[in-house]
Number of protein chains: 2
Amino acid sequence: MSASISSSSGFTRHTRSDKTRAAILTAAAPIFSTNGLAGARTEAIASAAHVNKALLYYYFKSKDDLHRAVIEEHLSEFSRRADEVLHAPGSVRKTLLAFIGMHFDYLSGIPYYPRLFHRLLVSGGPGLERIARKHLLPVGRQLVQQIERGIESGELRRVDPVQTVISLFGLTVHYFSAASFIRLMSNADPYDRKRLAKRKKEILDFVRFGLFIHPEEPLE
Amino acid sequence: MSASISSSSGFTRHTRSDKTRAAILTAAAPIFSTNGLAGARTEAIASAAHVNKALLYYYFKSKDDLHRAVIEEHLSEFSRRADEVLHAPGSVRKTLLAFIGMHFDYLSGIPYYPRLFHRLLVSGGPGLERIARKHLLPVGRQLVQQIERGIESGELRRVDPVQTVISLFGLTVHYFSAASFIRLMSNADPYDRKRLAKRKKEILDFVRFGLFIHPEEPLE
DNA sequence: GTATATAAACTAACCATTTAGTTAATTCTT
DNA sequence: AAGAATTAACTAAATGGTTAGTTTATATAC
C-alpha cells in the first residue's frame, strides 16, 4: 500500500494512487447515498469509478470501510469550512448568518450529501459515532458558544442554545432532504439557482425573526 | 387472498387475517427503518412478527411491496391526524401551532419513523411517489392555504408559504432525525419526557417569533 | 371446504470478497 | 545509462456465503 505523501512545505504531491482513491470515493458517494450501505453494489461503484472491483479492496478494507471513508471525507470538508466561518471575527449576528449561508451553499453543491449525512445521524454504529464526534461535535460546540455569547450581549432571545443549533441545522438540511417532495409540491427544480436563492433568503429571514431581538437591523 | 372487510357502517371488523397482516407491518417497520430496504432480512421480519417467512408472501407480493405498505401505513395515519387538525375551526395561529404540536407528538411516539420517512423523501421511485402524492401533498396544500390566510389577515409576516411549510417540517423532523447526534451532544436521552417537552416548546417559540407579527399574543 | 397458517427443504441468483497473476513505475547496481 | 530488482497499481476470474422467494406437505379454524 502506498503512502500518499503530503510534503510539509504546504502543498500535496498527488500520486496516481491518490487520484484513484479519490475517484473511488467520488464515485461511491452518490451510489451509497441513493441505495444505502446494503443496497449499494460494489460492482456499480467500481464501474462508476472506472476501476476494477478488486481495486476497491486494494484501497479499502471492506465495503463498510469505504462507506465510512466516504462519509468522513465529506464531513471533514464541512467541518473545515465551518471552522473558518465560526472563528472569524465579527458579531454573533454576522457569524451565525454566515454559518447558515455557508452550510446552505455547501449542501447546494452536493445533492446527494443530505442522504449520506442522514445515514450518519440515523444509523449510528461505533465507526460512524467516532466520525460524528470528531467532525460534528466541535462545530456544534462552537455554535452553542456563539449563541450563548449572543444571549449575553442581548442580540438574541433567551433561547436554549443546543435546541437552537438543532433548529438551525433542521431549517437548512430539510430543504435538501425533502428535495424530491418539494419538486412534487412546487413542480419545479429545487436546485434551480433562483429557488436556491429564495430558500436561502427565507431561512435567513426566519432565523433573524425567530432568534434576534432586533430582526430588522442591518448586518454589522 | 382474503379481503379484509371494512364494513360501511363505520367500524372495522378485525378478521384474523387483518391482525396477522398488522403484526407483520408492525414488526417490519423498525427493521426496515434500521437496515434499509436492501439491508432488512425477510427472515428477521418474519421471526419478529412470530410468523413463518412464507406468510409474508401470502400477504405481500414482495419485500418491496411490504416496504411500501409499511411506509404507507404510517403516512396515512399521519395524514389522517393532520386533516383533523387542519380542518378544525380556529385562527391560523391556533391551527398552525396545533399542527406542529400534533406532528411533534406523532414523531415522539415512533422513534423509527423519521428513518422510514426519510427514505420516502430520498429514494423516490414511482411506488413511493404515488404514496407521497396521495398522503403528503394534500397536507402540504392545506398548510399552504392556512399560511396564505394568515398573511392576508395580517397574522403572519409576508413569508413564502411553500418555503414556510418546508421550514415547519424541518424544525419538527430534524430533532428526531438527528436524535443520535443529540444524544452525543447533550449526553442525554432525546426521547426523555422533559427533553421532548423542552424541544416542543422551543420549536413553538421559534415559529411564533419567526412567523407571527405579534409573537407574544396569547393563543386564541 | 376455504382461508389461514406452519415447517422445512429447496433454488436460483446475487454479490462481497479473495486469489493469483499482470503491467507500470521507480529505484538500485554497476 | 542499461538493465536487474523491487514495489505499487491494477485485473480477470473464481469462491463461497447469503438470501429473496418457492414449493410441498400438513394442520387448524370458521
Side-chain angles (χ1 to χ4, degrees), chain A residues 1-7 12-29 31-71 119 123 125 127, chain B residues 1-7 12-29 31-71 119 123 125 127:
Chain A
M1 168 78 83
S2 80
S4 45
I5 299 146
S6 309
S7 82
T12 306
R13 202 157 85 221
H14 288 284
T15 62
R16 178 153 64 114
S17 162
D18 283 334
K19 276 186 197 160
T20 308
R21 204 189 127 95
I24 292 171
L25 286 172
T26 304
I31 293 174
F32 277 127
S33 145
T34 14
N35 305 291
L37 171 55
R41 299 290 147 239
T42 54
E43 188 58 53
I45 294 172
S47 94
H50 304 290
V51 301
N52 189 278
K53 196 166 44 146
L55 253 198
L56 305 183
Y57 294 87
Y58 179 74
Y59 285 101
F60 304 94
K61 271 214 318 285
S62 62
K63 188 190 186 184
D64 211 87
D65 188 48
L66 171 57
H67 184 237
R68 244 194 310 280
V70 166
I71 292 177
R119 272 203 183 90
S123 42
Chain B
M1 166 80 85
S2 82
S4 45
I5 300 146
S6 308
S7 82
T12 306
R13 203 156 87 222
H14 289 285
T15 63
R16 178 156 64 119
S17 161
D18 283 333
K19 277 186 198 161
T20 309
R21 203 188 127 94
I24 293 172
L25 286 172
T26 304
I31 292 174
F32 277 128
S33 145
T34 15
N35 304 292
L37 170 55
R41 299 290 147 239
T42 54
E43 189 55 56
I45 293 171
S47 94
H50 304 290
V51 302
N52 190 274
K53 187 169 69 140
L55 207 52
L56 302 184
Y57 294 89
Y58 181 73
Y59 284 103
F60 303 94
K61 271 213 318 287
S62 62
K63 187 190 184 184
D64 212 86
D65 188 47
L66 171 57
H67 183 237
R68 243 194 310 281
V70 166
I71 291 178
R119 267 197 190 95
S123 39

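The basis for the numbers below is simple: all heavy atoms, side chains too, and nothing from hydrogens, waters or symmetry mates. Please read these numbers as outputs of a predicted model, since none were measured by experiment. Numbers restart at 1 for each chain; the letters A, B, ... are given by sequence-line order, proteins then strands.
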With sequence neighbours left out, write down each residue that passes salt bridge (charged side-chain N to carboxylate O under 4.0 Å, His left out) with A:Arg68, or none if nothing qualifies. A:Asp64, A:Asp65

A:Tyr58 versus A:Thr20: any side-chain heavy-atom pair under 4.5 Å? no

Is A:Thr20 close enough to D:dC10 that one of its side-chain N or O atoms is under 4.0 Å from OP1 or OP2 there? yes

Which atom pair, heavy atoms only, marks the closest approach of B:Phe32 to B:Ala40? CD2-CB, 3.5 Å

Tell me the interatomic distance from A:Arg21, atom CZ, to D:dC10, atom C1', rounded to whole angstroms. 17 Å

Write down the distance between OH (A:Tyr58) and P (C:dT23), rounded to a whole number of angstrom. 17 Å

Pairs touching residues 42-57 of chain B that satisfy salt bridge (Lys or Arg N to Asp or Glu O under 4.0 Å), sequence neighbours left out: none

Answer yes or no: is there a side-chain heavy-atom contact under 4.5 Å between A:Tyr59 and A:Leu25? no

Separation of D:dG21 C1' from B:Asp65 CG (nearest whole Å): 14 Å

What distance separates A:Leu37 CG from A:Leu66 CG, expressed to the nearest 0.5 Å? 9.5 Å

Determine, for nucleotides 6-21 of chain C in 5'-to-3' order, which nucleotides have protein heavy atoms under 4.0 Å from the base (write B), from only the sugar-phosphate (write S), or from neither (write -). SB-------SBBBB--

Atom-pair distance (CG on B:Asn35; P on D:dA20), nearest Å: 11 Å

